[in-house]
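Quick note on labels: first sequence line is chain A, next is B, and so on, each numbered from 1. Please read all numbers here as calculations on a predicted model, not as lab measurements.
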2 protein chains.
Amino acid sequence: MSAQADIIATESPKRRQILDAAGQLFLKDGYAAVSMDALARLAGVSKATLYAYFPGKDALFGAMVAERCAGMLAQDRLISDHDAPLAEAMRRLIDFWLRFLISPDVVSTYRTVLAEGARFPDLARAFFEAGPVMGLGWVGEWIAEEQRRGRLRPDFDPRVAAPQFIALLRGELYIKIALGLVAEPSEEAVAAEVDAATDTLLRAFAV
Amino acid sequence: MSAQADIIATESPKRRQILDAAGQLFLKDGYAAVSMDALARLAGVSKATLYAYFPGKDALFGAMVAERCAGMLAQDRLISDHDAPLAEAMRRLIDFWLRFLISPDVVSTYRTVLAEGARFPDLARAFFEAGPVMGLGWVGEWIAEEQRRGRLRPDFDPRVAAPQFIALLRGELYIKIALGLVAEPSEEAVAAEVDAATDTLLRAFAV
DNA sequence: GTCTATATTTAGATAGAC
DNA sequence: GTCTATCTAAATATAGAC
């Protein structure tokens with residue numbers, strides 16, 4: 001991971017352009033469907049320059065995804081809101097995570113890693129650690145804190161409940177968005193999903 | 001859909017071989033990474049024969065996925081078990097759906113459709129109708145029946161709860177499998193996931 | 001209907017000038 | 001470091017013999 005960080009830290013304008021182009025194209029069309037020509041064109045550099053920065057297509061794809069993973073790790077704007085009433089605090093937590101999960105960048109990254117995970121196992125692992133594991137840890141901490149405050153039932157393991165919190169968000173709306181059937185969901189649809197999930201979680205986990 | 005059914009119904013040995021090969025390769029490697037040469041080789045036919053049955057790669061891919069969708073529709077071994085005690089009946093329902101969702105074929109199909117959904121929108125729509133919509137309908141009926149029997153709370157809409165039932169199964173285990181980090185989960189892991197989901201659902205929805 | 005052999009395009013990757 | 005021009009391999013698709 002430190003090696004990846006080093007790679008990411010090594011910045012230069014051309015490198016930035018290339019990685020941005022890679023993000024746009026790979027996340028939209030998938031790995032195999034994107035040509036190095038198209039990447040060079042969108043990045044505004046020649047193919048030779050592209051190969052000067054990255055040994056090949058694999059490495060460029062890997063660097064792009066690694067950067068997205070690091071970006072997720074940096075998303076530490078953790079909802080650690082415990083002052084509002086439980087229902088409201090939980091609603092905010094759910095709202096934050098649903099909007100995060102359905103944001104175009106996150107959906108695209110998830111879709112791409114899922115599609116190429118079999119051929120890039122290291123990448124799938126890195127994504128898993130930087131995304132789900134990290135997010136579930138945060139939610140688990142939030143739950144544990146609420147248990148300590150006596151607002152959530154004490155008789156369950158936060159590490160079991162956290163995945164359920166997040167999983168509940170992957171309902172019909174999420175699948176539609178992931179499949180590309182819905183480009184941008186209406187505010188009402190998102191709010192309805194948040195409300196439904198919050199209600200169910202409160203009934204299942206509140207004291 | 002009737003047109004698709006006709007296409008699928010038109011059977012012949014070579015056609016079967018080709019579709020089987022397409023299933024194996026496309027679901028494993030994705031659309032773009034599979035060559036018509038590889039397909040012809042695995043199917044045991046020449047490339048010309050392949051093009052005699054399908055106008056091109058797109059059509060072959062579409063036919064393969066359409067067939068999988070039809071297969072999901074045929075999976076009507078619906079759990080309509082309401083005689084056992086509620087906890088046990090629900091456990092069986094959850095168990096059936098989790099094992100279905102993490103079965104290799106279903107995971108591969110989901111992954112592939114997700115990856116290519118942007119470039120094959122009709123396909124994504126067909127998958128959505130044949131898979132999620134159909135499954136959620138069945139679960140919704142099960143819930144409604146339990147409400148009528150007075151074993152589940154009457155104060156929620158089955159169409160809202162059904163996606164939550166299924167969503168709860170998409171926890172950490174599911175993501176690991178989808179990403180290819182776990183090939184075959186242990187029986188204990190599956191059972192633990194089923195138990196956890198059942199407990200939560202009972203607390204949230206049982207009277 | 002099915003095959004072998006091939007046409008044509010495009011992919012990833014590089015050589016050499018500046 | 002960066003570009004233009006090019007190499008080589010592999011892709012989709014097809015022609016023509018049987």
Side-chain angles (χ1 to χ4, degrees), chain A residues 6-67 112 115-116 118-123, chain B residues 6-66 112 115-116 118-120 122-123:
Chain A
D6 288 347
I7 292 173
I8 293 167
T10 308
E11 274 288 274
S12 87
K14 298 271 181 194
R15 191 187 162 85
R16 245 293 39 88
Q17 293 168 30
I18 294 171
L19 277 173
D20 287 344
Q24 282 185 53
L25 291 186
F26 282 137
L27 293 183
K28 179 163 67 72
D29 296 334
Y31 178 75
V34 173
S35 73
M36 295 297 261
D37 280 282
L39 283 165
R41 207 177 315 128
L42 182 61
V45 302
S46 75
K47 253 198 309 186
T49 300
L50 203 157
Y51 278 96
Y53 281 92
F54 300 93
K57 194 179 176 183
D58 294 22
L60 175 51
F61 179 73
M64 183 274 291
V65 175
E67 197 189 36
T112 305
E116 306 299 335
R119 267 147 301 162
F120 295 87
D122 295 350
L123 215 139
Chain B
D6 288 348
I7 293 174
I8 293 168
T10 308
E11 274 289 271
S12 89
K14 298 270 182 197
R15 190 187 164 86
R16 241 299 34 89
Q17 293 168 30
I18 294 171
L19 277 173
D20 286 345
Q24 282 184 52
L25 292 186
F26 282 137
L27 293 184
K28 179 163 68 70
D29 296 333
Y31 178 75
V34 173
S35 72
M36 296 297 261
D37 279 283
L39 282 165
R41 207 176 314 127
L42 182 62
V45 301
S46 75
K47 257 201 302 189
T49 301
L50 205 157
Y51 278 97
Y53 281 92
F54 299 94
K57 197 180 174 182
D58 293 22
L60 175 51
F61 180 74
M64 184 273 291
V65 175
T112 305
E116 306 299 336
R119 267 149 300 161
F120 296 86
D122 295 352
L123 216 139

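B:Phe54 has its side chain out of reach of B:Leu39: every pair of non-hydrogen atoms, C-beta onward, lies at least 4.5 Å apart. Residues B:Met36 and B:Leu50 are in side-chain contact: their nearest non-hydrogen atoms beyond the backbone lie under 4.5 Å apart. Side-chain contact between A:Leu60 and A:Phe26 is present, with heavy atoms from C-beta onward closer than 4.5 Å.
Residues in residues 38-55 of chain B take part in these salt bridge (charged side-chain N to carboxylate O under 4.0 Å, His left out) pairs, two or more places apart or across chains: B:Asp37-B:Lys47.
Atom-to-atom distance recorded for A:Glu67:CD and A:Leu19:CG is 5.0 Å, nearest 0.5 angstrom.
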Residues B:Gln24, B:Leu42; criterion side-chain contact (heavy atoms from CB on, under 4.5 Å); working and verdict: CA-CA 9 Å; B:Gln24 282 184 52; B:Leu42 182 62; 3.9 Å; yes

Please assess B:Met64 against B:Tyr31 for the test side-chain contact (heavy atoms from CB on, under 4.5 Å), listing each intermediate value before the final yes or no. CA-CA 11 Å; B:Met64 184 273 291; B:Tyr31 178 75; over 6 Å; no

Stepwise side-chain contact (heavy atoms from CB on, under 4.5 Å) check, B:Phe61 with B:Val34: CA-CA 10 Å; B:Phe61 180 74; B:Val34 173; over 6 Å; no

Show, in sequence, the C-alpha distance, side-chain angles and deciding distance for A:Glu116 and A:Leu123, and conclude whether the side-chain contact (heavy atoms from CB on, under 4.5 Å) test is met. CA-CA 9 Å; A:Glu116 306 299 335; A:Leu123 215 139; over 6 Å; no

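Following rounding to the nearest Å, A:Lys57 (NZ) and C:dA13 (P) show an atom-to-atom distance of 8 Å.
Annotation: proximity of residues 35-50 of chain A to DNA chain C (heavy atom, distance under 4.0 Å) is found for A:Ser35, A:Met36, A:Lys47, A:Ala48, numbered in ascending order. In the region residues 21-32 of chain B, proximity to DNA chain C at under 4.0 angstrom, judged on heavy atoms, holds for none of the residues.
Taking both residues in full, the closest heavy atoms of B:Ser46 and B:Ala40 are given as C-CB, 3.9 Å, listed atom of the first, atom of the second, then distance. Closest heavy-atom contact between A:Ala115 and A:Arg119: O-NH2, 3.3 Å.
Annotation: side chain to side chain contact (heavy atoms under 4.5 Å, CB included) contacts of A:Tyr53 (sequence neighbours excluded): A:Ser12, A:Lys14, A:Arg15, A:Ile18, A:Thr49.
Counting 5' to 3', DNA chain D first comes under 4.0 angstrom of a heavy atom of chain A and last does so at the ends given by D:dT2 to D:dT4.
Remark on the helix from C:dG1-D:dC18 to C:dC18-D:dG1: inter-end axis angle 10°, axes from five-pair C1' superpositions, rounded to 10°.
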